[in-house]
Amino acid sequence: MSLALSNKAKVVKPSSTLAITAKAKEMRANGLDVVGFGAGEPDFNTPDNICQAAITAIQDGFTKYTPASGTQELKEAVCQKFEKFNHIHYEPNQIVISNGGKHTLMNVFTAILNPGDEVIVPAPFWLSYPEMVKLADGIPVSVYGDQANSYKITAQQLQEAITPKTKAVILNSPSNPTGMVYTRDELEAIAKVVVDNDIYVVSDEIYEHLTYGDAEHVSIASLGEDIYERTITCSGLAKSYSMTGWRIGYLGASSQIAKLIGSVQSHATSNPNSIAQKAAVEALTGSQDSVEKMRREFDTRRQYMYERVCAMPHASALEPKGAFYMFIDLSEALSMSYKGEKLQTAARFAEIILDQYQVAVVPCADFGYDDHIRLSYAIAMDQIKVGLDRMEAFLKALE
Ligand code: GLU
């Protein structure tokens, strides 16, 4: 057959975080003892009270269509959470519940972009942002945060990147892959540029509950009326409540944007899973003790990983302040050789460490940095220890 397929679909790269995780799982299924620092997926079970709410939903027959943009009950729970935790006021008609954080973001770009609109994507970026922008006919424009500024972009860099075609900037704090957190002052400066230039902020706050030490999560929409109007605040349940498989994401925006997104979703997927929505109500309104317990465990792992990586040869990292990732600079290691082969790229580093040392890491070319890797510390402590021992052995074997 010679029928042409969609050019738009053809330029999208498959998600390498998911591919690496799948490969590590496959190697494990084949009996290999692989340590997976790949996808950011908490290793904890979903808390019992949340699971119980889902079981009750099934037993009560809450298994039918709900309104396409989510139940009123869950929208109200999301509004309360926005009010209490993020200090942002949204009404239920400003909320859309979707099938996970990714779906929420994809809906946003579909609703705000016209062909040729530019979206500023601070780099390093979570690899799906540019692909989503392209799928929605937009043009992703990378702006590199300086390592000396913890890889965060400044308000001035944002201003310089804005053109008449700029429609939005993406913010992701705490950040995947760096674990860096924007301060209130930094966000205020960025908000001013956004308002002065009249663009949108797509604020992906999926890691909002995971901050450590003195880092504070600040929602940019909470900083004033002008920035509130221009912000689409996105989040989800996956990371904070260990609910990756349940697929519940949500956003708060102007009622006009929420309505558009609700219409798109009504054709694309209908409602998110009814049972998962009931579970999400319990997650947001029930006890938050398990969230804090998981956060503390991530913090312990973070500190351990940071100390270990700092002590390794040919690698360096900044101390992450949020999320559950460490972004590791391998520029020195990549100029070296393993068994006579010069490594050159983080992709090759990742291939060798997986094949020879059974450690899965994420090479970050798709995150905008081909000399960095990302490790997730959302895996058990004993696995972290074994994996870091192996990584250290690999780095020591370089010449
Ligand atoms: N967001 C997680 C990560 O970056 C899950 C995998 C994915 O969707 O990319 O690892």
side-chain hydrogen bond (donor to acceptor under 3.5 Å, both in side chains) with Gln265: which of Asn107, Thr104, Asn271, Thr110? Asn107
Where do Tyr228 and Glu225 land on the side chain to side chain contact (heavy atoms under 4.5 Å, CB included) test, with the steps shown first? CA-CA 5 Å; Tyr228 169 83; Glu225 196 55 35; 3.8 Å; yes
For residues 357-367, tabulate all N or O donor-acceptor pairs below 3.5 Å that involve a side-chain atom, not counting sequence neighbours.
residue, atom, partner, partner atom, Å
Gln358, NE2, Asp355, O, 3.1
Asp366, OD2, Ser16, OG, 3.0

For Met180, the other hydrophobic cluster members (4.5 Å side-chain criterion, sorted by chain and number) are Tyr144, Tyr151, Leu318, Phe327, Tyr369
Scan residues 73-84 for pairs that pass side-chain hydrogen bond (donor to acceptor under 3.5 Å, both in side chains), counting only residues two or more places apart or in two chains. Ser69-Lys75, Gln72-Glu76, Glu73-Lys278, Lys81-Asn86, Lys81-Glu208, Lys81-Tyr250, Glu83-His89
Residue pair Leu260, Gln256: steps toward the side chain to side chain contact (heavy atoms under 4.5 Å, CB included) verdict: CA-CA 6 Å; Leu260 273 185; Gln256 192 194 8; 5.6 Å; no
Taking the six-membered ring for Trp, is the centroid-to-centroid distance between Tyr338 and Phe349 below 6.0 Å? no
Residue among Phe37, Tyr207, Tyr212 satisfying ring-ring contact (aromatic ring centres under 6.0 Å, His included) with Phe324: Tyr207
With distance as the sole criterion, is a donor-acceptor pair present between the side chains of Glu205 and Ser219 under 3.5 Å? yes
Would you indicate whether Lys134, at its atom NZ, is surrounded by more than 12 heavy atoms from other residues, nucleotides or ligands within a distance under 6.0 Å? yes
Would you tabulate the side-chain donor-acceptor contacts of residues 5-14 under 3.5 Å, counting partners in other chains and residues two or more places apart, or write 'none'?
residue, atom, partner, partner atom, Å
Ser6, OG, Lys8, N, 3.2
Ser6, OG, Ala9, N, 2.9
Lys8, NZ, Leu135, O, 3.1

Just checking, Lys167 and Tyr200: is the charged tip under 6.0 Å from the six-membered ring centre and within 45° of the axis? no
Main-chain N/O of Asp226 paired to Arg230 side chain as donor or acceptor, under 3.5 Å: yes
Residues in side chain to side chain donor-acceptor pair (under 3.5 Å) with Asp329, at least two apart? Gln147, Ser331
Output side-chain donor-acceptor pairs under 3.5 Å for residues 58-66, partner residues at least two apart or in another chain, one line each.
residue, atom, partner, partner atom, Å
Thr63, OG1, Gly61, O, 3.4
Thr66, OG1, Gln277, NE2, 3.0

Using 30° and 60° as the class boundaries, would you call the ring planes of Tyr90 and Phe82 parallel, tilted or perpendicular? perpendicular
